[in-house]
Amino acid sequence: MGIFEPFRAIGYITSSVPFSVQRLGTETFVTVSVGKAFQIYNCAKLNLVLVGPQLPKKIRALASYREYTFAAYGNDIAVFKRAHQVATWSRHSAKVNLLLLFGEHILSGDVHGNMFIWAFKGIDQNLAPFGHMVMDKKFTPSCVMHPDTYLNKVLLGSEEGSLQLWNISTKKKLFEFRGWNSSICSCVSSPALDVVAVGCADGKIHVHNIRYDEELVTFTHSTRGSVTALSFSTDGQPLLASGGSSGVISIWNLEKKRLQSVIREAHDSSITSLHFFANEPVLMSSSVDNSIKMWIFDTSDGDPRLLRFRSGHSAPPLCIKFYANGRHILSAGPGSCLSPFFCYPVGLDQQSRELSQRHISKRAKKLKVKEEEIKLKPVIAFDCAEIRERDWCNVVTCHMDTTQAYVWRLQNFVLGEHILTPSPENPTPVKTCAISACGNFALLGTTGGWIERFNLQSGFSRGAYLDMSEQKSCAHDGEVVGVACDSTNTLMISAGYHGDIKVWNFKERELKSRWEIGYSVVKIVYHRLNGLLATVTDDLVIRLFDIVALRMVRKFEGHTDRVTDLCFSEDGKWLLSSSMDGSLRIWDVILARQIDAIHVDVAITALSMSPNMDILATTHVDQNGVYLWVNQAMFSGASNIDSYASGKEVVSVKLPSVSSKEHSQVDDSEKVKDSEKVVVSISQPKDALGFTRDKQIPDLVTLSLLPKSQWQSLINLDIIKARNKPIEPPKKPEKAPFFLPSIPSLSGEILFKPSKPAEDEMDAKDDGETDTKIKLDTPPTHFVNLLQSSAETKNFSAFTDYLKGLSPSTLDMELRMLQIIDDDDQQEPENRLELFSLELLLDYFIHETSHRSNFEFLQAVIRLFLKVRTFPMSYPSVTALHRSVFIQIDRRLEEISRLNVFNSFFSLSC
């Protein structure tokens with residue numbers, strides 16, 4: 001257990017596994033794979049409706065039927081009913097890569113050519129297949145489909161290029177087609193009987209009549225690559241859609257036997273699935289680029305247009321930052337220009353959106369160039385400001401090998417109208433950027449050592465920062481690694497690659513001071529609230545500098561490989577760093593030590609902590625998603641971080657999963673064991689679970705964190721009771737409720753029948769046998785028992801927690817009960833129980849005041865105790881036994897009053 005625990009991963013839309021489409025009632029749903037879990041989207045708006053549990057291995061094939069989902073992983077097949085796993089089919093000896101829904105059966109195939117037939121009706125009783133087919137050694141199945149109207153028959157395509165027709169009822173091969181000397185990648189049935197379309201690895205599409213073994217027409221892709229997906233239109237138009245490994249979708253007219261339209265740049269990577277919706281001119285496509293898109297054929301020229309889509313990063317993101325008080329996460333990388341994943345609430349990414357680059361396809365057609373030439377290059381750095389979001393552009397991005405910086409309007413999710421070009425006379429690629437705290441200015445640093453300031457509203461340059469001591473007229477001799485400015489636009493800080501840190505006057509653009517680190521600087525991060533600058537150098541050491549004092553204040557060592565990113569917590573007390581060695585380390589800036597460290601299998605490339613300090617977001621090598629971690633310090637019951645932080649030790653942790661649920665199928669025995677573990681953990685005390693009491697810092701007090709109303713009402717309880725006292729006594733009801741027992745009377749008034757204990761009590765009062773004295777042999781209350789047990793162990797934490805849980809009136813009653821002293825009792829003070837309880841309570845006051853804990857609550861309790869006491873201090877026994885105790889309490893309170901904490905509110909006197 002560490003400070004950060006895995007929560008979940010966002011930004012994953014689909015993977016390389018073909019999707020499965022099903023219709024339930026009037027709605028259509030699509031099931032996609034996202035690594036080891038599956039997700040179900042509603043096709044009406046492509047909104048996420050269900051996330052399946054995490055499986056032990058990655059999913060290789062999917063099939064769905066009503067509320068059932070079948071997922072093949074490794075050599076097994078998991079059966080889910082909605083999100084709950086109900087069965088696991090294990091009979092294959094090799095990896096399963098094919099699943100086909102066949103009526104009320106599922107046909108599965110592995111890479112060794114074994115085909116099993118499973119029945120999912122009555123799945124609880126039957127976990128074994130009822131059919132098995134074995135392919136030839138020279139036949140490796142690559143795709144499977146069921147021709148319409150062919151009873152109990154399936155068509156299998158192979159990597160060797162041959163096509164076979166099998167009867168699954170008799171488990172026999174009926175016919176083998178000649179093939180086309182190319183590996184078959186996809187196969188689909190057409191609305192016309194006996195006609196299928198076969199896509200091959202050589203880029204050719206064969207429309208074949210399987211009844212007469214005749215080829216009707218052959219199409220060839222204009223781009224290189226294999227045909228990975230096919231789909232026939234069923235809305236009356238004779239169309240065939242084909243997708244290739246290059247990401248291009250081609251639409252073929254079957255009547256005219258020619259190409260009708262081409263969707264270039266439909267996807268950035270290979271297309272895995274295509275599907276025409278039944279009786280609708282809508283085509284859905286998915287790709288390895290982590291996106292699902294829907295195209296509609298409603299234009300006059302017959303070309304499809306994009307209807308709706310969901311996409312994530314097609315390549316691992318490189319930059320990440322929280323936005324809008326932690327509700328949004330901005331991430332950028334090679335896959336797309338800038339993609340914000342909306343997290344409202346954090347962790348649910350169904351509202352993710354991609355920032356638009358303003359009609360790339362239309363501009364490409366107008367300029368007669370390819371879309372790749374217009375698209376912006378990958379983002380290497382960006383900065384954002386929330387204060388001017390509604391006024392003008394509030395995001396600035398730097399792109400790889402680009403001499404300009406681009407601005408974005410995050411309110412409309414579009415590219416801004418201005419392009420910032422620093423040093424137009426000697427242009428060099430922009431390396432780093434920063435936005436001022438006021439949101440009016442953008443600072444840009446280039447690889448040539450140039451730093452320039454721009455106005456975001458107009459896009460005009462507002463001057464460059466020049467150091468006349470340099471050989472050439474620029475800010476730094478080498479590449480500018482980072483720029484930052486303080487919260488009042490007074491100072492601007494810049495760092496050069498050669499290890500020089502410079503502090504400038506923000507408005508006058510004059511150099512105020514500089515110092516040399518002695519090592520090449522890789523990255524800098526500035527915290528505006530505490531004025532600390534964190535730098536990473538090539539010697540793997542993190543150094544903290546005080547910008548005002550111009551000196552190094554902290555130095556952290558521990559990483560064994562290149563440090564990839566740094567991040568301050570919002571309060572500036574923590575510094576988080578990630579490295580290519582796979583570690584994430586948390587440094588305490590105040591105590592100058594490492595408080596926690598975790599190790600993940602995939603190295604972290606970027607990280608960001610939310611302003612509320614409750615969520616940590618990370619990106620990783622070769623991972624297209626954004627991973628969220630929960631801060632246990634915000635949600636755990638333990639107030640001491642050392643109780644669950646690892647300190648200098650590095651703890652291995654798994655990455656967060658797409659689903660918050662892990663593998664759901666467990667045996668009954670495992671469930672019993674887990675329940676026993678839960679019972680044992682609940683019965684253990686808090687100390688056994690690692691919850692330890694905080695160590696008190698000398699010369700400081702610790703508050704109880706109770707609501708003010710709870711301890712303030714203790715002092716003014718008599719005023720509150722007087723204010724809430726009823727003005728007049730309650731009136732007798734005219735008519736009593738029917739369920740109250742009543743007795744008849746001669747006067748006609750309603751009389752209630754008293755209960756037997758009440759009659760006995762009245763008789764006892766009438767007889768005068770009431771004993772008003774408190775006997776010493778009566779059992780003590782829970783208050784007294786807990787006080788005695790705490791005094792014996794010299795640990796009053798349980799007693800303090802008990803007092804905190806009492807209401808003000810109950811605590812007032814408990815203290816008043818302790819004050820009952822019999823003046824006629826002639827026993828020695830040591831033998832009197834009430835004085836002994838008072839002595840223990842006074843010992844408790846001395847102990848707590850000396851430890852300076854629960855300060856405001858304890859002050860209120862002591863004041864109430866001194867206020868409600870019913871015995872004079874001049875009483876002989878009390879004076880002999882407790883006068884010195886009260887003097888010690890006064891001395892303790894005088895010491896604490898020197899701290900000037902709550903001194904004006906409390907006035908204590910004996």
Side-chain angles (χ1 to χ4, degrees), residues 10-21 27-34 38-49 51 228-229 231 241-244 246-251 261-277 280-299 303-315 317 330-342 348-364 371-372 374-376 412-415 624-626 658:
I10 61 174
Y12 285 102
I13 307 300
T14 184
S15 65
S16 59
V17 178
F19 57 65
S20 175
V21 180
E27 295 183 328
T28 305
F29 298 90
V30 57
T31 305
V32 299
S33 166
V34 281
F38 65 88
Q39 297 180 156
I40 299 179
Y41 295 97
N42 191 327
C43 296
K45 294 184 179 180
L46 281 182
N47 58 322
L48 185 65
V49 296
V51 179
T228 55
S231 182
S242 63
S246 60
V248 178
I249 298 177
S250 302
I251 308 298
S261 61
V262 177
I263 311 176
R264 301 189 182 275
E265 308 295 334
H267 291 275
D268 296 333
S269 188
S270 175
I271 295 174
T272 57
S273 296
L274 289 174
H275 177 77
F276 269 106
F277 288 95
E280 293 183 26
V282 178
L283 173 69
M284 184 167 62
S285 63
S286 69
S287 171
V288 183
D289 65 355
N290 196 25
S291 65
I292 299 177
K293 298 183 179 181
M294 297 178 66
W295 314 84
I296 185 170
F297 295 79
D298 60 351
T299 58
D303 292 341
R305 65 177 179 87
L306 186 61
L307 178 62
R308 63 180 64 95
F309 72 98
R310 288 203 55 159
S311 64
H313 286 285
S314 59
L330 295 177
S331 61
S336 56
C337 189
L338 191 68
S339 297
F341 295 101
F342 281 26
L348 301 180
D349 58 328
Q350 61 258 32
Q351 296 181 354
S352 61
R353 294 188 60 176
E354 180 179 352
L355 269 67
S356 171
Q357 298 184 29
R358 293 185 181 272
H359 310 295
I360 294 178
S361 58
K362 291 183 179 179
R363 289 162 53 199
E371 294 184 7
E372 296 179 354
I374 300 180
K375 275 188 176 183
L376 298 179
N412 301 328
F413 304 100
V414 295
L415 184 66
N624 297 347
V626 177
V658 176

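Below, each value reflects all heavy atoms present in this structure, side chains not excepted, and no hydrogens, waters or symmetry copies.
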Identify the two heavy atoms, one from [X] and one from [Y], that lie closest to each other, and give their separation to 0.1 Å.
X: Y12; Y: Y41; result: O-OH, 3.9 Å
X: V658; Y: V51; result: O-CG1, 4.2 Å
X: A241; Y: L283; result: CB-CD2, 3.9 Å
X: Q39; Y: I13; result: NE2-O, 3.8 Å
X: A315; Y: N624; result: C-OD1, 3.4 Å
X: I271; Y: I249; result: CD1-CG1, 3.2 Å

Atom [atom1] of [X] and atom [atom2] of [Y]: how far apart are they, to the nearest 0.5 Å?
X: I10; Y: S331; atom1: CD1; atom2: OG; value: 7.5 Å
X: I40; Y: N47; atom1: CD1; atom2: CG; value: 12.0 Å
X: E280; Y: T28; atom1: CD; atom2: OG1; value: 6.5 Å
X: M294; Y: H275; atom1: CE; atom2: NE2; value: 9.5 Å

Where do T272 and S286 land on the side-chain hydrogen bond (donor to acceptor under 3.5 Å, both in side chains) test, with the steps shown first? CA-CA 6 Å; T272 57; S286 69; 2.8 Å; yes
Would you indicate whether the side-chain heavy atoms of F297 and I251 approach each other to under 4.5 Å? yes
Below 4.5 Å, heavy atoms only, C-beta onward: do F309 and S291 meet side chain to side chain? no
State whether the side chain of [X] and the backbone N or O of [Y] hold a donor-acceptor pair below 3.5 Å, judged by distance alone.
X: K293; Y: L306; answer: no
X: S231; Y: F276; answer: yes
X: S15; Y: S33; answer: yes
X: N290; Y: S314; answer: no

T14: which residues meet the side chain to side chain donor-acceptor pair (under 3.5 Å) condition with it, sequence neighbours left out? none
Those residues that, when tested against S250, pass side chain to side chain donor-acceptor pair (under 3.5 Å) (two or more places apart): none
Exactly one of S269, S16, S273 should register a side chain to side chain contact (heavy atoms under 4.5 Å, CB included) with S287. Which one does? S269
Excluding sequence neighbours, so at least two apart, what forms salt bridge (charged side-chain N to carboxylate O under 4.0 Å, His left out) with R308? none
